[in-house]
Undergrad: 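Got a structure for you, questions after.
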Number of protein chains: 2
Amino acid sequence: MDISNYRHDDRILLAVDCIIFGFDGKELRALIIKRGFEPEAGKWSLMGGFVNEGESVDRAASRVLYELTGLTNIYMEQLYCFGDVSRDTAGRVVSIAYYALINIADYSEQLQRDHEAKWYSLHEIPSLIFDHTEMLHKAQLRLREKVANQPIGFELLAEKFTLPQLQNLYEAIYQGPIDKRNFTRKILSLGILKKLAEKEKTSSRKGAFYYVFERDKYSQLEHEGMKFI
Amino acid sequence: MDISNYRHDDRILLAVDCIIFGFDGKELRALIIKRGFEPEAGKWSLMGGFVNEGESVDRAASRVLYELTGLTNIYMEQLYCFGDVSRDTAGRVVSIAYYALINIADYSEQLQRDHEAKWYSLHEIPSLIFDHTEMLHKAQLRLREKVANQPIGFELLAEKFTLPQLQNLYEAIYQGPIDKRNFTRKILSLGILKKLAEKEKTSSRKGAFYYVFERDKYSQLEHEGMKFI
DNA sequence: CCAAAAGTGTTTCTATTACACCCATGT
DNA sequence: ACATGGGTGTAATAGAAACACTTTTGG
């Protein structure tokens, strides 16, 4: 490659930061780590890392997510590029933020200990370094918009889930109660959930039927114009 | 500043590219330039430039827009970060794309000649270098979403505009006809347009009343939840 | 007087909201 | 038998879509 035509001596580092969302059945949480290096070592931070020369920015984000969680094939979306001059106190670092949705149960406690990571409820997030609080806030807004129009909420649940679980998730994301009957009707009317014969029995005596999200049914439909809530 | 803790020798250049939209009264257009340097000199391209060490990414985008158009205080929004390894054939350049909305009449013909720039109708865009076609496409989608929920369409029109002009704009953005009565009712019901006594008389014998967008009225309202179409 | 674009209401339909009782089961 | 959470239908309301004629005026 020849970049000789690009005369540009400025040194800007490029990083990615990941907002990782999980759902514990009642609350929406984000995975926050204790930063392990200076500056700001020991403070709460999003998981991040530098983009390497031979890897795409998307790839870097996936790698950073993998380093923290050991997970691959995770729903992940680019959020925004944060490019203020002094956002990182140690140098000129431009960061591309991504948010990921994972099933909280898939995250191993071992890794959690290794990285001094913690799932914080979105209401109890401590103060984060740099502009990470802003990133998290923006991710929350994006998630709220996105989840209304695309079937990404399922990414936060297990393969099998019950309608009450799904409703709890939406209530957590929207931070408000949703009418059970209206919710059930709407979500089932989309025709993308398959009801299983099996019931979830731990959270009630009656038990709630499990459902699975049928990705292929969804793909057949127009991706546009589908309202999930 | 001390970046010694950030051991990172990779050389990634950071650029911005601008999708500049204008509206000619009938069609939505984008401002495309003949690239003046290698690689790909002489080919059609978006206007772009590198981010300098002492300037924010947003600032770089505004500067690049200014260099091409001489305009400041323009509506501009970050679109997406394009970070594939080989997107630029001459080196590793990550680009943050922005889109801007300008009143096409504010763009001087002199500058247009200086930069070998051209307003292309979105249906007649030539093949662009690198991933610029993808950028433009993404900007179009974003504009469509955005214009439905925020009052940014006005940025593409003159200070004073008529309802038929505004409707033409929305029809161009959505690429389909809109019912005149429904459109008028909806847009006026928002209470953010002020009708002037003056009429625009060039495009019809009867003449159409001018309106102005009242920014302050809009600011008073909730920015969220307002549907424009 | 006529061509051309502006302006204006009503009805239909669809989607959203509000709302309360019975069901199944483990203890 | 009862406490707990799961499941279900209908009526009222609001928002979106469909639709056609009259007005103005320069030529």
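Numbered from 1 within each chain, the chains take letters A, B, ... in sequence-line order. Just the heavy atoms: all of them, side chains too, but no hydrogens, waters or symmetry mates, feed the values below.
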Undergrad: Rounded to the nearest angstrom, tell me the gap between atom CD1 in A:Ile187 and atom P in D:dG7.
TA: 14 Å
Undergrad: Return yes when atom NZ of B:Lys217 has more than 12 non-hydrogen atoms of other residues, nucleotides or ligands closer than 6.0 Å, and no otherwise.
TA: no
Undergrad: Quick one: A:Asn168 CG to D:dG5 C1', roughly how many Å, whole number?
TA: 11 Å
Undergrad: Is a salt bridge present between A:Glu155 and A:Arg215, judged by a nitrogen-to-oxygen distance below 4.0 Å?
TA: yes
Undergrad: Tell me whether B:Arg87 at atom CZ has more than 12 heavy atoms from other residues, nucleotides or ligands lying less than 6.0 Å away.
TA: yes
Undergrad: Heavy-atom count check: over 12 atoms from other residues, nucleotides or ligands less than 6.0 Å from A:Tyr66 OH?
TA: no
Undergrad: Hey, does B:Ser203 reach any base, or is it just sugar-phosphate, or nothing, if we go heavy atoms under 4.0 Å?
TA: sugar-phosphate
Undergrad: Please classify the nucleic acid contact of B:Lys180 as base, sugar-phosphate, or nothing, using heavy-atom distances under 4.0 Å.
TA: base
Undergrad: Let me know the distance between CD of A:Gln165 and P of D:dG5, rounded to the nearest Å.
TA: 14 Å
Undergrad: B:Glu200 has an atom CD; how far is it from atom C1' of D:dT25, in whole Å?
TA: 14 Å
Undergrad: Map A:Lys206 and A:Asp179 onto DNA chain C by nearest heavy atom, then report which one ends up closer to the 5' terminus.
TA: A:Asp179
Undergrad: Rounded to whole Å, please give me the gap between CG in A:Leu163 and C1' in D:dT8.
TA: 12 Å
Undergrad: Of all the choices, D:dA18, D:dT10, D:dT23, which nucleotide is nearest to the side chain of A:Arg185 once you look at every atom?
TA: D:dT10
Undergrad: If you check the B:Lys201 side chain, which of D:dG26, D:dG9, D:dG7 turns out closest?
TA: D:dG26
Undergrad: With a 3.5 Å distance limit and no angle check, can you tell me whether B:Glu171 reaches the backbone of B:Ile178 through a side-chain donor-acceptor pair?
TA: yes
Undergrad: Return whichever of B:Thr162 or B:Asn182 has its heavy-atom-nearest nucleotide of DNA chain C closer to the 5' end.
TA: B:Thr162
Undergrad: Using a strict 4.0 Å threshold on nitrogen-to-oxygen distance, state whether A:Glu67 and A:Arg63 make a salt bridge.
TA: yes
Undergrad: Can you check the A:Phe183 CZ to D:dG6 C1' distance for me, whole Å?
TA: 14 Å
Undergrad: Look at the rings of A:Phe154 and A:Phe213 and say which category their plane angle falls in: under 30° parallel, 30 to 60° tilted, over 60° perpendicular.
TA: parallel
Undergrad: With a 4.0 angstrom cut-off to heavy atoms of chain B, pull out the first and last contacting nucleotide of DNA chain C, in 5'-to-3' order.
TA: C:dA5 to C:dT10
Undergrad: Can you tell me which nucleotide in D:dG27, D:dA17, D:dG9 comes closest to the side chain of B:Arg205?
TA: D:dG27
